[in-house]
Amino acid sequence: MGATLTEQVRRLLDDCRAAGLGDDSTERLRTAAERLDEPLRVAIVGKVKAGKSTLLNALVGERLAPTDATECTRIVTWYREGMTYRVTMTPRNGLPRQARFEREDGALDVDLDGLAPEEVLHLDVEWPSSALHDMTLIDTPGLASLSAGLSEQTELLLVPEDEGPGEADAVLYLMRHLHADDSRFLEAFHDGTAQGTPANAIGVISRADEVAPGRLDALESAARIAARYNADPQILRWCQTVVPVAGLLAQAGTVLTEEEFRALRTLAESPAGDVERMLLTADRFLDSEASIALTPEQRTALSRRLGLFGVRLSVTLLRDDPEMTSARLARELASRSGIDQLRDLLHTQFAAPADALKARSALAAARAALESANVAVPDRERLLAEAERIESSAHVFAEMQLLNALRTGAVPFGAEEREDAERLLGASGRSAAQRLALTADADPESQHAAITAAIQRWQQRAENPMSSLEQTSAARVVVRSCEGVLADLSAPTGALQRS
Ligand SMILES: Nc1nc2c(ncn2[C@@H]2O[C@H](COP(=O)(O)OP(=O)(O)OP(=O)(O)O)[C@@H](O)[C@H]2O)c(=O)[nH]1
Ligand SMILES: [Mg+2]
């Protein structure tokens, strides 16, 4: 078997370093090589108060990122798996240094040692957490508004300097309000960058429980809105899919305490009429004089922890099932929050093709270093050609590129063909069953039949004299993806997953 994509890219980076492209490049190439061994980096971005830090906590499974208006929410903060609990602060001027921190109700409270948030480039949190094993998560300061643009540090994450890779391999875009300017909001991140393609971005309708205020079916409304987004070419230009997530509910689901559970039970057992009235608005819930055995402090805590929707939902669930335990309630909240679906997506869309996404970032680094190098460097042309060769020979890049082209409408197919192509290219997951829209336990014969039919279908599309040049070459890429799936299905172990 030939060298894997990662091996080829690693060799290219080594060769570039050996070619002596200059001091700046050496450092960048070294960083790029190290990145190949690291977990995938996923940045969470969105407007101010979109729910970024809350979602990060829900993904990690513990309260960690501060969610209130502490100064640390204004600093880009990396959360990565570590052997020990440690926070490193990189000041704008000066060397990185270890920072002291406390945990306030779970959330980290980092001592900036007298520096203002603006004077800190980023914080780096190392945390022993299996959730961070495959993915480093990066919390970013909220965008004040569309026109204000990205903060300098968020920009570095997403928008590469001189054509190199951004520091993040993939992005979650949180959108809270469903305004007409949503797609422009997404566009703002992508402003002319090669990195900003749908292959590495997922859109999230965050704070989904607030989509239909006061309604227990808010999450269904949010799901309908997400479905509309998923059919909107303007949105799909920028992210491969949009899902609704109620981060606060998901976070509550991971850290519901016995005390909170008891308070919710008290509410569920109080006179229904009183409870309904007090749950109409947040203000009423906090101020109500109703004779319910919860102190104002307890109500404040509940509403902060679960939101009004979460309280209402919990009360309903507890009333419906008097046997409900704290653990089951927590699971119920988490499963309704949409976080599992997002986790699955992160896995199929980011973690499974992580090597490809990282290789893509590394190739961008190599190319940037080569292009900015002195033209007199003897090996420059040869290495540029090698970068080109790796890029064009790795089918996974062709798949990503075609997915992007389909999304941006650069290759005009009808809706049905486009969906078929996207699925076969791995847009809904990279396993054979997912590409073929079969259930995971589909027997080998049906998989075989489905893939053979797909090959035939797309072969014909490629050979159809009515197909345009773009359509023909797109169809060839799809055929090649299908052939790869067929090869895996026919392999003796049968279970090799293509990457
Ligand atoms: N109802 C509801 N509230 C949420 C949800 N997610 C976050 N919030 C609340 O929204 C506020 C902001 O949440 P954060 O997670 O700090 O949002 P952020 O995007 O990190 O905010 P900045 O970093 O300040 O831009 C907090 O009061 C959260 O409790 C959600 O899913 N539902
Ligand atoms: Mg935040």
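Index from 1, following the sequence. Below, all heavy atoms of this structure are taken into account, side chains as well, without hydrogens, waters or symmetry copies. Each ligand, and each atom within it, is numbered from 1 in the order the structure gives.
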**Q** Please could you name the atoms of ligand 1 that Glu210 approaches to less than 4.0 Å, counting only its heavy atoms?
**A** 1 (N), 2 (C), 3 (N)
**Q** Tell me whether Arg30 is salt-bridged to Glu27, with the criterion being a basic N under 4.0 Å from an acidic carboxylate O.
**A** yes
**Q** Which ligand 1 atoms does Val48 reach within 4.0 Å, using its non-hydrogen atoms?
**A** 25 (O)
**Q** Look at the aromatic rings of Trp78 and His122 and report parallel, tilted or perpendicular, splitting at 30° and 60°.
**A** tilted
**Q** Nearest 0.5 angstrom please: Glu62 CD to Gln251 CD, how far?
**A** 10.5 Å
**Q** Suppose I only count heavy atoms of Gly142 and a 4.0 Å limit; which atoms of ligand 1 are within that range?
**A** 25 (O)
**Q** In plain terms, say whether Arg10 and Asp37 are close enough for a salt bridge, that is, a side-chain N and a carboxylate O under 4.0 Å apart.
**A** yes
**Q** Pull out every atom of ligand 1 sitting under 4.0 Å from any heavy atom of Gly247, numbered as shown with elements.
**A** 31 (O)
**Q** Check for me whether Ala50 has a heavy atom closer than 4.0 Å to any atom of ligand 1.
**A** yes
**Q** In ligand 1, which numbered atoms sit nearer than 4.0 Å to a non-hydrogen atom of Thr67?
**A** 14 (P), 15 (O), 16 (O)
**Q** Quick check on side chain to side chain contact (heavy atoms under 4.5 Å, CB included): which of Leu55, Val243, Ile138 does Leu172 satisfy it with?
**A** Leu55
**Q** Considering all heavy atoms of both residues, which atom of Val9 and which atom of Ala359 are nearest to each other, and what is their separation?
**A** CG2-CB, 4.0 Å
**Q** Asp139 versus ligand 1: do any nitrogen or oxygen atoms come within less than 3.5 Å of each other?
**A** no
**Q** Could you tell me whether Lys49 and Glu210 have a side-chain N and a carboxylate O separated by less than 4.0 Å?
**A** no
**Q** Within ligand 1, which atoms have a heavy atom of Ala246 less than 4.0 Å away?
**A** 31 (O)
**Q** Do any nitrogen or oxygen atoms of Ala208 come within less than 3.5 Å of a nitrogen or oxygen of ligand 1?
**A** no
